[in-house]
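All heavy atoms count here, side chains included; hydrogens, waters and symmetry mates do not.
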Amino acid sequence: MKLLQRSLVARIVASLLAISAMALISIVVTMAVAGGSRGDAAAINVAGSLRMNTYQIVAALQRYERIPSLEHQAEVHVLKRRFEERLASDELTGAIPVSEAHELRRQYRLILGRWHNELAPQVSEAVASQYVRIDPLNRTLDGLVGDIDTMVKQLEQNTEAKIRLLSALQILFLGLTAVVVAIALYDIRHNLVSPLRQLMVLAREAARRNFSLRTQLKGSDELAMLGKTFDTMSEELGTSYAELEARIKRKTRELERSSQVMQVLHDGSRSLYGGGNDLCTSAAPMLRRVAELLDIGPIRLSLNDPHDDRQIPVLATHAARRPDFCRDHDCHACLISPRPLRLSDTEEGDCVLLPVSVGDEMLGTLEVWHPKDERLSDGVRRLLNALADQLATAVYLQRRIEEEQQVSLMSERTIIARELHDSLAQSLSYLKMQVARLERMQAKDAPKEMQAAVFDELRTGLNSAYRQLRELLTTFRLKLEGPGLQSALQQTTAEFSERMGAPVELHFDVPPHLLNPNEEIHVLQIAREALSNTHKHAQAHWAAVTVKFHHARIVLRIEDDGVGLENDDSPPMHYGLVIMRDRAHTLSGELKLSNRAEGGTCVEVVFTPQTARLITRQPAIEPTLHDQGN
C-alpha cells in the first residue's frame with residue numbers, strides 16, 4: 001500500500017492491471033455462460049419436435065386402425081422409436097440440469113414417466129389390438145403435450161435467465177471498469193497531468209532565464225520528487241547564472257580594460273620606438289595610463305648601469321618628487337597625475353618585480369605595486385609582462401641606436417682621418433721636406449736658380465695639396481648632403497659633365513644599404529679620381545660610370561672615348577692610379593685598366609662587400625712622414 005501511495009507508476013500499473021483483470025474475468029464469464037447456453041436452442045427444437053412427434057404417432061395409429069397393414073404398423077414403430085430417441089437424445093438431456101431439485105429436471109422426469117407409463121403402453125396396445133381408443137389416447141396426448149410445452153417454456157426461461165445473467169455480469173464489469181478508469185483518470189489528472197504542466201512551465205521559464213518560479217509539488221511519488229528536484233535545480237541554476245553573469249561582466253570589464261591597455265601600449269610604442277623622445281617623456285604617460293586602467297600603482301622603472309652593477313631609478317608613476325637622475329627639470333611627465341600618491345602610501349601593498357630584459361641581457365626591473373587584498377589576475381600579469389617586454393625593446397633599441405651613432409661617428413672620423421692621411425698629409429709632408437731643403441740651401445747661399453727650382457716645387461706641391469683639399473671637401477660635402485652613394489655619384493657625374501663640357505652617364509644598380517660608409521667613400525673617391533684623369537688627360541667627348549651588383553660582388557666601371565693609355569701601367573710621377581689601386585686593395589678587390597675596343601679607357605674595380613652590417617672601428621692611423629719627421 002505504501003508503494004502504491006508513493007509510486008505514481010505503481011498506481012497506473014495497478015489501474016491497468018485491474019482493468020485488464022476485469023476485462024479478462026468478463027471474457028471468461030461470458031465464455032462460461034455462452035458455453036452453458038450452447039445446445040439450448042437445439043434442446044428447444046428437440047422438445048418442440050417431441051410435441052409434433054406425438055401427433056404423428058396418433059395420426060399413424062388412426063391410419064393403422066383404418067387400414068391395418070404392416071406398412072402402417074412399421075410407421076408407428078418408427079415414430080415411436082424416433083420419439084424415444086429424441087426424448088433420450090443428448091441435445092435434450094444436455095440442456096437439462098443435473099440437479100434433481102431443478103424444475104426442468106423434474107419436468108423432464110414427468111414427461112419421461114408419462115411416456116413410459118401412459119402413452120407408450122397405449123400405443124403398444126393399440127398396435128397389438130388394431131383398435132385405437134381415441135378418447136383416452138387424446139387425453140394422454142394432451143397431458144403429454146402440455147408437459148412438453150411446459151418443458152419447452154422452462155427451457156426458454158432457462159436460456160433467457162442465462163442471457164440476463166450474462167447481461168448483468170457485463171453491466172457489472174462495465175461499471176467496475178468505469179469506476180477503475182475514473183479513479184485512474186482522476187489520479188492521472190491530479191498526480192500526472194497537473195505536475196507535468198507545472199514542470200513544463202518551470203522548464204519554459206528556465207529557458208527564458210527566469211529561475212524564480214517553483215512547482216511547490218507535494219507528495220512522495222516520482223513527479224513530486226522530480227518537482228522538488230526541479231525546484232532545487234532552478235534555485236541552483238539561478239544562483240549559478242547570477243554568478244556566471246557577474247563573472248561575465250567582470251571578464252567583460254577585464255577584456256575592455258585589457259583592450260584599452262593594449263591600445264595604450266600600441267599608441268605608446270610609437271613614441272617609445274620613435275627614437276626622438278627621451279624614455280622618461282615617452283614612457284611615463286603610458287605607465288601612468290596603464291596604472292589608471294588596471295587600478296594599480298605606483299609603477300617604478302629602474303635600469304641597470306651597463307658599466308657597473310647598480311640600478312638607476314628612471315621614473316615612477318604617482319611620484320611626489322622627481323627621480324634622482326632626472327635630466328630635464330622642465331619635464332613634468334612623472335609628476336602629472338589626477339590623484340598624486342606618495343610612494344610611502346603603498347608600504348602595506350604587494351610588489352611584483354618584472355624583469356626588463358632582451359634575451360639573456362638584463363636591462364633593468366619594473367616594480368609594480370598593488371593592494372595587498374587584491375591578487376593580480378593572469379590577464380593583468382600578461383599585460384604587465386607585455387609592458388615590460390615593450391619597455392625592454394625600447395631601452396634596447398635606444399641603447400643600440402646610441403651605440404650605432406657613436407660607432408658611425410667614430411667610423412666617419414676614421415674615414416676622414418684616413419683620407420687626410422692618404423692624400424693631404426703626404427703632400428704636406430713632401431712640402432715640409434722641400435721647406436727644409438730650401439732652408440739648407442739658403443744657409444749655404446745656394447744660387448737663386450737652384451732655390452727657384454725649389455720654389456717651383458713648393459708652388460706645385462701647394463697647388464696639389466689645395467686641389468686635394470678641395471677634392472676631399474667636395475667628397476665629404478657630397479656624402480653628408482646626399483642620402484647615399486647614388487646621390488653622391490649623381491652630383492659627381494653632373495659636376496664633371498659641366499667641367500668636361502661632355503655628357504657623363506651614370507648607371508647604378510645596387511641594393512640599398514649594401515655598402516658601409518667606408519666602402520662608399522672608397523667607391524666615390526675612385527670614381528672621382530678616374531673622372532678627374534679623364535678630364536685632364538683623355539680629351540674625351542663622352543664618359544660613363546657604372547656601379548652594379550653582380551654575382552655577390554660590386555663592379556665599378558668608368559669608361560670614356562678619349563685617347564686611351566699607351567699601356568696599363570701608371571705614367572711616371574702620376575700618383576692617381578697608385579691611389580686608386582691602394583683604395584681597391586683596401587676594399588679587398590682588384591683594379592683593372594684597359595683600352596676600350598671602341599676607343600678610350602676603361603677603369604674597372606671589382607670587390608666583395610662586407611656581409612656583416614655592424615660598423616667596425618678602423619685601425620689606428622699609421623704615423624705620417626710628417627710625424628716621423630718630428
Enquirer: To the closest 0.5 Å, what do you measure between CD (Glu236) and CD (Glu243)?
Expert: 10.5 Å
Enquirer: Applying salt bridge (charged side-chain N to carboxylate O under 4.0 Å, His left out), run through Glu85 and Arg82 and close with a yes or a no.
Expert: CA-CA 5 Å; Glu85 290 177 353; Arg82 181 183 300 170; over 6 Å; no
Enquirer: Return the OG1 to CZ distance between Thr30 and Phe173, rounded to the nearest 0.5 Å.
Expert: 8.0 Å
Enquirer: Are Glu367 and Ser302 close enough, and set up right, to give a side chain to side chain donor-acceptor pair (under 3.5 Å), and what steps lead you there?
Expert: CA-CA 8 Å; Glu367 185 178 336; Ser302 300; 5.6 Å; no
Enquirer: For Leu366 and Leu353, run side chain to side chain contact (heavy atoms under 4.5 Å, CB included): C-alpha distance rounded to whole Å, both residues' side-chain angles, the deciding distance at 0.1 Å, then the answer.
Expert: CA-CA 6 Å; Leu366 187 65; Leu353 288 178; over 6 Å; no
Enquirer: Looking at side-chain heavy atoms only, is the closest gap between Pro511 and Leu514 below 4.5 Å?
Expert: yes
Enquirer: Please report the interatomic distance OG(Ser357) to CG(Asp389), rounded to the nearest 0.5 Å.
Expert: 7.0 Å
Enquirer: If every non-hydrogen atom of Leu354 is compared with every non-hydrogen atom of Ala388, which pair is closest and at what distance?
Expert: CB-CB, 4.2 Å
Enquirer: More than 12 foreign heavy atoms under 6.0 Å from CD of Glu103: is that the case here?
Expert: no
Enquirer: State, with a plain yes or no, whether a side-chain heavy atom of Gln198 is found less than 4.5 Å away from one of Val201.
Expert: no
Enquirer: Nearest 0.5 Å, what's the CG-CG distance between Leu391 and Leu384?
Expert: 10.5 Å
Enquirer: If you define the side chain from C-beta out and look only at heavy atoms, does anything of Met362 sit under 4.5 Å from Pro355?
Expert: yes
Enquirer: Val356 versus Thr365: any side-chain heavy-atom pair under 4.5 Å?
Expert: no
Enquirer: Does the distance from a Lys or Arg side-chain N to an Asp or Glu carboxylate O, for Lys153 and Glu156, drop under 4.0 Å?
Expert: no
Enquirer: Is the closest basic N to carboxylate O distance between Arg208 and Glu205 below 4.0 Å?
Expert: yes
Enquirer: Might you work through the side chain to side chain contact (heavy atoms under 4.5 Å, CB included) test for Val78 and Arg81, ending with a clear yes or no?
Expert: CA-CA 5 Å; Val78 170; Arg81 187 168 57 253; 3.7 Å; yes
Enquirer: Quick one: CD on Glu254 to OG on Ser377, what's the gap to the nearest 0.5 Å?
Expert: 4.5 Å
Enquirer: Which of these passes side-chain contact (heavy atoms from CB on, under 4.5 Å) with Val261: Leu387, Leu383, Val380?
Expert: Leu383
Enquirer: Can you measure from CD1 (Ile27) to CD (Gln170) and round to the nearest 0.5 angstrom?
Expert: 9.0 Å
Enquirer: Heavy atoms only: give me the nearest Arg164-Gln157 pair and the separation to one decimal.
Expert: NH2-O, 4.3 Å
Enquirer: What's the verdict on side chain to side chain contact (heavy atoms under 4.5 Å, CB included) for Val352 and Leu376, showing C-alpha distance, side-chain angles and the deciding distance?
Expert: CA-CA 9 Å; Val352 177; Leu376 294 181; 3.8 Å; yes
Enquirer: Over all heavy atoms of both residues, which pair between Val368 and Ile296 is shortest? Give the atoms and the distance, please.
Expert: CG1-CD1, 3.6 Å
Enquirer: Can a donor-acceptor pair be found, under 3.5 Å and without considering hydrogens, that links the side chain of Asp187 to the backbone of Ile183?
Expert: no
Enquirer: More than 12 heavy atoms of other residues, nucleotides or ligands under 6.0 Å from CZ of Arg204: is that the case?
Expert: yes
Enquirer: Please find the pair of heavy atoms, one from Ser15 and one from Val180, that lie closest to each other, and give the distance.
Expert: O-CG1, 3.7 Å
Enquirer: Quick check: do Glu361 and Leu363 have side-chain heavy atoms less than 4.5 Å from each other?
Expert: yes
